[in-house]
Novice: 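Here's a structure for you.
Predicted, not measured: the structure shown is a model, and the values here were computed from it. Atoms considered below: every heavy atom in the structure, side chains included; atoms not considered: hydrogens, waters and symmetry mates. Sequence positions, counted from 1, serve as the residue numbers for this chain.
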Amino acid sequence: MAGKPGRRDFSELTAKLGKHVERLPDYAQKAQEKVQKYLPPEDQRAADGRDRTSESSGETTAGSDGTRAGGRPAPRPKVDLTVVTDVRDKLAAWNSPEAKHARRVRWTRRAFTLWAVLTLLAVLWAVAGYFGVVGVYDGVEGALTGAAGTVVFGALAVSSGTKLRRLGRAAPPKPDPSATLPPANSAAREPMEKLVDSERTLTDLLDQLAAPQHGAPSGATGFDVEDARATAMDASAALRGLAARLESIERARDAAPARERGGLDSAVTALREQLDEGLEGYGTLVAAAGRAVAASSDGATPAKDALTDATDRLAGLAVALRELS
């Protein structure tokens, strides 16, 4: 196993555990769907057969054995995915680059404080030994033990202080947006999964277009690959902002009273349609990049012109999505 002797590397185990935890909402959702297949449908209540007073007085409440007054079993509650989602989000936050950097700074600062305190104590011990306050010797012999501790702990303190200064100057790494996906029961989950796949495909295609071919400086002669890359990144950020807005509305809908959920459902549907439209424009750019890669070997320009047009359209779409988000 790689690493220093006596230390274990748990990075692979943590990565595997993170993948399984991320899929817990999917497992719970599938289990809920299977359970619901075997549950009896809820009783259909006629509005003219019962009044609200009889319903509020407990006429349809479940008995002590979990059955309704009519003898039919009460429907079981749905599986709550909130706990699973919270665990996944906490694990993702704990494994994020920013959190790792903060923990590294915190532990280095604590180590520096410990070695500095021990160095100070060693200096005091050396002074006390020199004057014969402690031990049976005085002078240089009495201060020898404290001096040795001062050298050792001082070197460790300097090393920790240097590392702490280096960490303080280094900017914390930015988190990868594609590493965090919406919850499994969110309407934004499927579009964001498609966006991650499209981003990887487009990055690979643009890298191939930027690579030199047949002695030419680039496989995308007459086309600015970096312009397409920047436009795609801008569109991805706009789509993620729109997805975050959709998630916020979903949380508000779940917390709102039943009479207020209709308007929020309409807003969720409208935002999902906008996400789908944005993904369609992003997919158009991916398809144009694929055609440009296929035509780059013979220097065909129509495919590259189509790629330029798709980049321009996606840029305009990104501006519109950013205004919405």
Side-chain angles (χ1 to χ4, degrees), residues 22 25 85 88-89 92-93 95-99 171-210 220 223-255 263-293 303-325:
E22 289 178 358
T85 303
R88 185 202 62 181
D89 293 341
N95 286 326
S96 64
E98 290 181 335
K174 297 181 180 180
D176 185 8
S178 63
T180 304
L181 292 175
N185 57 349
S186 174
R189 177 61 178 261
E190 183 181 356
M192 290 300 98
E193 288 179 343
K194 292 181 179 179
L195 177 62
V196 172
D197 294 337
S198 299
E199 285 177 331
R200 294 171 180 171
T201 304
L202 182 61
T203 299
D204 182 51
L205 292 173
L206 293 180
D207 289 342
Q208 294 184 35
L209 284 175
F223 173 74
D224 190 356
V225 175
E226 296 304 323
D227 185 22
R229 199 187 304 274
T231 301
M233 292 177 61
D234 190 22
S236 299
L239 287 172
R240 287 193 170 88
L242 196 62
R245 183 180 177 185
L246 191 152
E247 287 185 67
S248 300
I249 296 178
E250 286 178 335
R251 290 193 295 269
R253 178 195 60 190
D254 296 339
L264 295 175
D265 284 333
S266 301
V268 169
T269 302
L271 289 177
R272 174 58 191 269
E273 292 177 354
Q274 294 169 3
L275 272 178
D276 292 337
E277 181 181 357
L279 282 174
E280 183 177 356
Y282 199 99
T284 302
L285 179 60
V286 175
R291 290 192 294 268
V293 170
K304 295 174 184 178
D305 293 339
L307 182 57
T308 303
D309 294 339
T311 302
D312 296 338
R313 289 196 300 269
L314 185 60
L317 183 60
V319 173
L321 292 175
R322 193 173 294 278
E323 293 178 354
L324 291 174
S325 60

Novice: Would you name the heavy atoms of Ala228 and Leu285 that are closest together and state the gap between them?
Specialist: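 Closest heavy-atom pair between Ala228 and Leu285: O-CD2, 4.4 Å.
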Novice: Is the shortest heavy-atom distance from the side chain of Met192 to the side chain of Val196 under 4.5 Å?
Specialist: no
Novice: Output the distance between atom CG (Leu195) and atom CZ (Arg200), rounded to the nearest 0.5 Å.
Specialist: 10.5 Å
Novice: Answer yes or no: is there a side-chain heavy-atom contact under 4.5 Å between Asp204 and Thr201?
Specialist: no
Novice: Are Val268 and Leu271 close enough, and set up right, to give a side-chain contact (heavy atoms from CB on, under 4.5 Å), and what steps lead you there?
Specialist: CA-CA 5 Å; Val268 169; Leu271 289 177; 5.9 Å; no
Novice: Going from OG1 on Thr231 to CZ on Arg229, what distance comes out if it is rounded to the nearest 0.5 angstrom?
Specialist: 11.5 Å
Novice: How many angstroms lie between CG in Asp254 and CD1 in Ile249, if you round to the nearest 0.5 Å?
Specialist: 12.0 Å
Novice: Salt bridge check: are Glu190 and Arg272 linked by an N-O gap of less than 4.0 Å?
Specialist: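 Salt bridge flag = yes for Arg272 with Glu190.
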Novice: Can you name the closest pair of heavy atoms from Pro182 and Ala188 and give their distance?
Specialist: CG-O, 3.7 Å
Novice: What closest approach, in Å, do Pro191 and Asp276 show between heavy atoms, and which atom pair accounts for it?
Specialist: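 Where Pro191 meets Asp276 most closely, the heavy atoms are CG-OD1, 4.1 Å.
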Novice: Can you name the nearest heavy-atom pair linking Gly290 to Leu205, along with the distance?
Specialist: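 Heavy atoms only, the tightest pair is N-CD1, 3.6 Å.
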Novice: Ignoring hydrogens, what is the shortest heavy-atom contact between Ala232 and Leu202? Give both atom names and the distance.
Specialist: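 Where Ala232 meets Leu202 most closely, the heavy atoms are CB-CD2, 3.4 Å.
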Novice: Looking at Arg189 and Glu250, is any side-chain nitrogen of the basic one under 4.0 Å from a carboxylate oxygen of the acidic one?
Specialist: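 Looking at Arg189 together with Glu250, the answer is no, because their closest N to O distance does not fall below 4.0 Å.
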Novice: Within the 4.5 Å heavy-atom criterion, are Glu273 and Glu277 side-chain neighbours or not?
Specialist: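 The answer is no; the side chains never approach within 4.5 Å.
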Novice: Determine the minimum heavy-atom distance between Val286 and Ser198, stating which atoms define it.
Specialist: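 Looking at all heavy atoms of both residues, the closest pair is CG2-O, 3.9 Å.
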Novice: Can you list the steps and then say if Met233 with Thr203 is a side-chain contact (heavy atoms from CB on, under 4.5 Å)?
Specialist: CA-CA 10 Å; Met233 292 177 61; Thr203 299; over 6 Å; no
Novice: Counting C-beta onward and ignoring hydrogens, is there a side-chain heavy-atom pair between Leu246 and Gln274 closer than 4.5 Å?
Specialist: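 Leu246 vs Gln274: side chains apart.
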